[in-house]
Amino acid sequence: MKRIKEKIGKKLDTSFYDNNDVTLIARQLLGKVLITKTGKVLTSGIIVETEAYSYKERGCHAYQNKMTKRNAIMFGDGGYAYVYLCYGMHHLFNVVTNKKGLAEAVLIRAIQPLDGMNHMINRTGKKLVNAIGNGPGKTSSALGIKLNHYGLPLNGNVIWIEDHGTIIGSEEIVSCKRIGIDYAGKDAHRKWRFFIKNNAWISKPCND
DNA sequence: TAGAGGATTGAT
DNA sequence: TCAATCCTCTAC
């Protein structure tokens with residue numbers, strides 16, 4: 001009998017997101033697989049670029065523990081989806097981290113497409129594989145992430161993250177300044193953007 | 001309640 | 001370099 005080789009993926013446990021070092025989680029998320037399921041449509045991609053945000057610094061929506069209707073989910077337990085609309089047209093997906101009351105999150109900036117390629121092509125209108133997932137807005141678009149994903153648990157059955165056993169060594173990770181937060185003063189200089197070296201889906205090169 | 005601005009993207 | 005586009009937040 002012909003055996004079909006199955007991809008073995010283990011859903012990340014809540015304890016993964018509990019950590020109080022948001023930059024460590026941002027690094028550890030590289031190589032993990034982000035998956036969404038809408039009806040019968042399953043799409044996924046390998047996380048190749050992230051950015052860390054903490055209530056302790058000005059680049060973060062929750063700076064100085066300022067809670068609003070938009071960022072309220074950041075103040076809950078880690079392991080939930082924080083999705084918001086940027087520039088009136090792009091949905092950006094964040095992973096909430098740390099414990100209740102400590103507002104931190106990791107922005108998923110880019111994925112390397114994996115499953116459901118045809119659906120991702122339909123959603124994004126892109127034909128070039130390299131143009132799918134190489135930016136935070138494009139990532140959400142490819143995976144069908146919208147505001148209705150706001151607040152969903154990341155160990156559920158709509159959106160979740162799996163560990164496929166890929167370990168990205170520190171020598172393969174590039175860290176540099178985050179993008180688009182010049183207003184954050186000296187916090188804008190924190191090297192809290194992380195991506196996999198030489199990966200073709202990185203949104204932008206380092207400007208440091 | 002009005003006005004300003006934004007963790008982006010794609011066209012020019 | 002700039003426009004698209006609309007939600008969120010702040011100031012009054």
Side-chain angles (χ1 to χ4, degrees), chain A residues 17 22-23 25-27 29-30 34 45 47-76 78 80-98 102-113 120-151 154 159 161 174-196 199-208:
Chain A
Y17 306 100
V22 67
T23 62
I25 298 178
R27 283 190 290 261
L29 279 172
L30 297 175
L34 175 59
I47 298 170
V48 298
E49 182 179 343
T50 60
E51 277 182 4
Y53 289 89
S54 168
Y55 64 95
K56 299 168 190 166
E57 46 87 23
R58 291 180 63 185
C60 182
H61 290 163
Y63 176 53
Q64 290 183 324
N65 287 315
K66 197 176 288 178
M67 192 197 291
T68 63
K69 187 184 168 189
R70 180 176 68 164
N71 71 10
I73 193 71
M74 286 183 76
F75 289 84
Y80 287 82
Y82 170 34
V83 183
Y84 71 95
L85 193 60
C86 182
Y87 296 105
M89 60 190 85
H90 304 295
H91 292 94
L92 270 56
F93 169 69
N94 293 253
V95 174
V96 176
T97 70
N98 215 330
L102 298 170
E104 294 185 329
V106 175
L107 170 68
I108 307 301
R109 284 195 58 89
I111 56 159
Q112 180 176 331
M120 292 195 264
I121 290 170
N122 284 338
R123 283 169 180 161
T124 59
K126 309 286 180 195
K127 286 174 184 168
L128 286 173
V129 179
N130 276 25
I132 296 172
N134 62 334
K138 294 179 188 178
T139 294
S140 297
S141 170
L143 296 176
I145 298 173
K146 293 179 182 165
L147 287 177
N148 56 2
H149 288 83
Y150 180 96
L154 295 176
I159 181 166
I161 299 175
V174 180
S175 61
C176 57
K177 276 165 53 179
R178 291 168 294 177
I179 291 171
I181 56 158
D182 292 341
Y183 59 84
K186 67 176 172 41
D187 286 324
H189 295 283
R190 291 174 188 264
K191 293 192 171 185
W192 281 13
R193 175 179 171 225
F194 307 97
F195 60 82
I196 300 174
N199 186 277
W201 280 268
I202 298 311
S203 60
K204 285 179 183 178
C206 269
N207 267 336
D208 300 9

(message) Reading DNA chain B from 5' to 3', where do the contacts with chain A start and stop? Cut-off is 4.0 Å to heavy atoms.
(response) B:dG6 to B:dG10

(request) May I ask you to decide whether A:Lys204 forms a salt bridge with A:Glu49, counting only side-chain N to carboxylate O separations under 4.0 Å? (result) no

(request) Please list, chain by chain and in numerical order, all residues satisfying side chain to side chain donor-acceptor pair (under 3.5 Å) with A:Ser54, sequence neighbours excluded. (result) A:Glu104

(request) Side-chain contact test, heavy atoms from C-beta onward, threshold under 4.5 Å: evaluate it for A:Ile159 versus A:Phe93 and give yes or no. (result) yes

(request) Check the pair A:Tyr55 / A:His61 against ring-ring contact (aromatic ring centres under 6.0 Å, His included), numbers first and verdict last. (result) CA-CA 7 Å; A:Tyr55 64 95; A:His61 290 163; over 10 Å; no

(message) A:Arg190: which residues meet the salt bridge (charged side-chain N to carboxylate O under 4.0 Å, His left out) condition with it, sequence neighbours left out?
(response)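 Applying salt bridge (charged side-chain N to carboxylate O under 4.0 Å, His left out) to A:Arg190 gives A:Asp187.
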
(request) Please give the nucleotide sitting opposite C:dA4 as a Watson-Crick or G-U wobble pair, both distances under 3.5 Å, or none. (result)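 The answer is B:dT8, by the H-bond criterion.
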
(request) Write down the partner of C:dA11 under the Watson-Crick or G-U wobble criteria, each distance required to be under 3.5 Å. (result) B:dT1

I need the [atom1]-[atom2] distance between [X] and [N], as an integer number of Å.
{"X": "A:Leu85", "N": "C:dC9", "atom1": "CG", "atom2": "P", "answer": "12 Å"}
{"X": "A:Lys66", "N": "C:dC9", "atom1": "NZ", "atom2": "C1'", "answer": "9 Å"}
{"X": "A:Asn71", "N": "C:dT8", "atom1": "CG", "atom2": "P", "answer": "11 Å"}
{"X": "A:Leu92", "N": "C:dC7", "atom1": "CG", "atom2": "P", "answer": "16 Å"}
{"X": "A:His90", "N": "C:dA4", "atom1": "NE2", "atom2": "P", "answer": "13 Å"}
{"X": "A:Tyr84", "N": "C:dT8", "atom1": "OH", "atom2": "P", "answer": "12 Å"}

(request) Return the 5'-most residue of the pair A:Gly88, A:Arg70 with respect to DNA chain C, ranking by each residue's nearest nucleotide. (result)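 In this pair, the answer is A:Gly88.
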
(message) Please determine whether side-chain hydrogen bond (donor to acceptor under 3.5 Å, both in side chains) holds for the pair A:Ser141 and A:Arg123, giving the CA-CA distance in whole Å, both sets of side-chain angles, and the decisive distance to 0.1 Å.
(response) CA-CA 6 Å; A:Ser141 170; A:Arg123 283 169 180 161; over 6 Å; no

(request) Classify the nucleic acid contact of A:Lys177 as base, sugar-phosphate or nothing, counting any heavy atom under 4.0 Å across all strands shown. (result)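 Touches nothing.
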
(request) Could you check whether A:Arg178 gets within reach of a base, just the sugar-phosphate, or nothing at all, counting any heavy atom under 4.0 Å? (result) nothing

(message) Once rounded to the nearest 0.5 Å, what's the spacing between atom OH of A:Tyr150 and atom CG of A:Asn94?
(response) 10.5 Å

(message) Which is more 5' along DNA chain B, the nucleotide nearest A:Lys126 or the one nearest A:Ile179? Just name the residue.
(response)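 The 5'-side residue here is A:Ile179.
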
